[in-house]
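A short worksheet on the structure shown next.
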Amino acid sequence: MGTYRTHHCSELRPEHAGQRATLAGWVATKRDHHGVIFIDLRDRDGVTQVVFRPEQNPEAAKLSHGLRSEDVISVSGVVETRSEATVNPNLATGRIELVADALTILNKSEVPPFPLDDPSVNEDLRLQYRYLDLRTPTMHANLRLRHKVTKAVRDYFDSQGFFEIETPILSNPTPEGARDFLVPSRLHPGDFYALPQAPQQYKQLLQVGGLEKYFQIAKCFRDEDLRADRQPEFTQIDVEASFVGQEDIIALCEGMLRRIWKDAQGIEIPEKFPRMTYREAMDRYGSDKPDIRFGLELVDLTQDFLSSDFKVFRGIAESGGVIRALNAKGAAPLLSREQLKKWEEWAKSEFRAKGLAYIKWAPGGEWDSPIVKFFGEAEKKAIVEKLNFAEGDIVFFGADKRDAASEVLGRVRLRVAEVLGLIKAAGDRLAFLWVVDFPLLAYLPEEHCWTAVHHPFTRPNADDVPKMERGEYEDLRAVAYDVVLNGIELGGGSIRIHERDLQAKMFAALGIGPEEQQRKFGHILKAFSFGAPPHGGIALGLDRLVMLMAQADSIREVMAFPKNNRGMDLMSGAPLEVEPKSLRDLQIAVTKRA
RNA sequence: GGAGUCGUAGCUCAAUCGGUUAGAGCGCCGCCCUGUCACGGCGGAGGUUGCGGGUUCGAGCCCCGUCGACUCCGCCA
């Protein structure tokens with residue numbers, strides 16, 4: 001029994017009737033009848049109706065007239081069951097009320113600058129007064145869910161023999177990947193720490209250190225532009241283990257996600273998730289993280305256009321590109337020619353698509369299309385047969401290099417699904433998916449060199465190592481995998497290279513010479529020369545995971561104190577100018593102020 | 001860096017083709033009200049239409065610029 005209260009505001013039930021109780025919390029609403037006065041008292045756990053009766057307790061009742069929203073109070077009284085007519089079925093405590101005989105106003109509140117728990121309120125206002133926004137049941141539920149998820153993660157990995165180990169926040173700058181947040185060193189003027197983009201190097205070094213099974217709920221930092229699902233600091237569920245292969249990590253991760261959904265929401269998810277290769281995902285869905293809750297798959301028409309009179313498509317087909325199409329079944333009545341024109345502009349401006357050709361077959365109408373006049377009977381037949389094209393449909397075309405054509409159609413696919421209401425119709429279905437066999441290397445045309453898709457320590461598929469040794473870097477597969485939920489990447493990982501020879505071949509493929517290797521990866525290479533065990537792991541975005549579980553549309557909704565779109569904390573004002581003395585200590589001169 | 005949407009009372013929004021004194025709901029303040037739970041009734045206060053400039057007899061509305069919020073592309077695994 002505490003100092004301020006005996007129960008929480010969600011606790012009292014008819015069986016407490018007749019007992020004395022003291023509650024503490026915030027005034028949610030007041031209904032003042034000038035005689036009897038009702039207060040909805042809110043705390044973290046719920047709401048209880050408090051009633052003040054002037055004929056029974058005049059002192060308390062008199063004081064209660066002055067209460068306002070968000071005042072903090074403590075009330076004592078006797079629990080009474082409500083009469084049948086006054087029961088509130090919408091309230092967990094709606095069968096009782098607390099008849100107050102003593103009221104203490106612990107702290108008055110100013111009038112709040114916005115109505116709490118109104119989803120239409122401007123987000124910048126909510127962020128400016130985040131401490132008020134956090135009072136709402138929605139934010140409480142989100143943060144409670146987040147706690148349950150992290151607890152489930154810890155319980156799960158503990159049960160699997162993993163150690164939770166913290167890795168440094170003041171870390172070393174890395175040239176690869178995202179832009180680092182830098183922290184100047186006072187003791188070494190001119191030198192900088194970097195905040196970790198991920199604990200990648202440390203978790204591998206923990207394996208060299210023989211810890212065998214590591215996990216961490218790890219803060220990560222990336223100085224890149226923000227998005228609804230991207231913040232400059234975010235949290236990963238980071239995992240690494242020794243003497244494991246891809247199947248071990250996949251099974252471990254499936255077990256973790258099962259545990260998370262079960263413990264946090266009481267939901268059973270499948271024991272095993274379906275799998276798809278990267279190649280298949282790109283070809284069928286135009287995405288490396290396909291939403292498989294609905295069909296709308298891409299269809300290849302390259303062969304059908306090899307002998308077409310339509311020179312644009314034939315030219316692309318002949319020069320190694322692909323012609324692909326997507327049937328937006330039933331979309332014709334939903335999209336006007338003007339809207340389709342806008343879609344084409346959108347595809348061109350946002351995805352550098354060369355165009356977005358289409359055929360619209362309005363119900364009772366003809367084929368309406370800017371390009372169909374160039375098509376012969378053979379192509380038309382192929383379109384009808386292969387795409388099941390019928391009245392009421394719109395077919396979209398992508399013609400480009402293999403993945404580029406698919407990617408544009410992949411975006412169109414999602415937009416079509418939105419228009420057709422397929423995403424809404426999928427409701428709360430959970431479609432987990434493993435995408436495996438990611439490519440090891442990607443060619444950078446501008447720089448005429450190859451780069452690691454995941455990172456340079458990612459293990460090549462054993463079957464592809466001979467190709468790699470021959471210098472054939474096209475289509476090499478990595479032992480790398482992503483776990484996807486409803487079209488959103490939850491996380492990804494890989495089995496790593498632990499042998500010096502293989503690592504040397506990898507660096508050769510990346511065109512990284514011995515000197516550069518030493519400079520960029522010296523300490524890791526040295527560590528690997530002292531008997532590094534085979535190892536691998538995975539990392540999952542905790543914020544995105546909780547966002548999906550909470551059915552929120554931004555990770556800001558599942559973070560207590562997020563930054564806005566431009567990386568500012570609207571509550572504290574960070575980032576801020578600092579005192580000249582602070583800069584002098586660091587021997588830093590600011591040359592330009594925005 | 002680029003594109004889009006938006007910016008009117010504390011909050012959410014409206015304001016016809018450019019035309020009288022910029023409205024509504026909620027909130028707030030005052031009075032009334034003894035069983036409400038979105039309590040109810042009456043009354044009231046509250047506006048640099050983001051900011052700057054331009055066109056016009058006249059601008060919340062049109063034009064130019066600028067600032068800010070969000071979404072997306074680039075960037076980021």
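Heavy atoms only: backbone and side chains are in, while hydrogens, waters and symmetry mates are out. Chain A is the first sequence line, chain B the second, and so forth, proteins listed ahead of strands; every chain is numbered from 1.
- Checked against B:rU12, B:rC37, B:rG30, the side chain of A:N122 finds its nearest nucleotide in B:rU12.
- A:E97 comes within 4.0 angstrom of a base, heavy atoms only.
- When the P atom of B:rA69 is taken as reference, atom CG of A:N565 falls 7 Å away, rounded to whole Å.
- Contacts of A:R566 with the nucleic acid, taken as non-hydrogen atoms under 4.0 Å apart, involve only primed sugar atoms and P, OP1 or OP2.
- Judged by Watson-Crick or G-U wobble contacts below 3.5 Å, the nucleotide B:rC76 has no partner.
- In this structure, A:R415 forms a cation-pi arrangement with A:W346, its terminal cationic atom sitting closer than 6.0 Å to the ring centre and no more than 45° off the ring axis.
- Counting distance only, with no hydrogens placed and no angle test, the side-chain atoms of A:D225 and the base atoms of B:rG74 include a donor-acceptor pair under 3.5 Å.
- Ion pairing of A:R126 with A:D133 is present here, as a side-chain N (NZ or NE/NH1/NH2) and a carboxylate O approach within less than 4.0 Å.
- Counting to the nearest Å, the C1' atom of B:rG50 and the CG atom of A:L125 are 15 Å from each other.
- The pairing partner recorded for B:rG23 is B:rC13, the criterion being a Watson-Crick or G-U wobble arrangement whose two distances lie under 3.5 angstrom.
- The residues A:R544 and A:D229 are annotated as salt-bridged, a charged nitrogen and a carboxylate oxygen being separated by less than 4.0 angstrom.
- Remark: C1' of B:rC11 and CZ of A:F114 are 10 Å apart, rounded to the nearest angstrom.
- Closest to the side chain of A:D32, from the set B:rC37, B:rC33, B:rG74, is B:rC33.
- For A:P115, whose side chain is taken as the heavy atoms from C-beta onward, the closest listed nucleotide among B:rC11, B:rC76, B:rG35 is B:rC11.
- With B:rG35, B:rC28, B:rC37 as the candidates, the nucleotide lying closest to the side chain of A:V36 is B:rG35.
- In the set B:rU71, B:rU12, B:rG10, the nucleotide with an atom closest to the side chain of A:V121 is B:rU12.
- For the residue pair A:S406 / A:R324, a side-chain donor-acceptor distance below 3.5 Å is found, with atom types taken as modelled.
- Summarising the base pairing, B:rG68 is matched to B:rC6 through a Watson-Crick or G-U wobble pair whose two defining distances lie under 3.5 Å.
- One can place CG of A:L116 at 13 Å from P of B:rU12, the figure rounded to the nearest angstrom.
- Pairing of B:rC31, defined by two Watson-Crick or G-U wobble distances under 3.5 Å, is identified with B:rG41.
- Ring orientation note: the planes of A:F38 and A:H33 are nearly perpendicular, at an angle over 60° on the 30°/60° scale.
- A straight line from CD of A:E176 to P of B:rC76 spans 11 Å, rounded to a whole angstrom.
- Residue contacts shown for A:S120 are limited to sugar-phosphate atoms, with no base heavy atom under 4.0 Å away.
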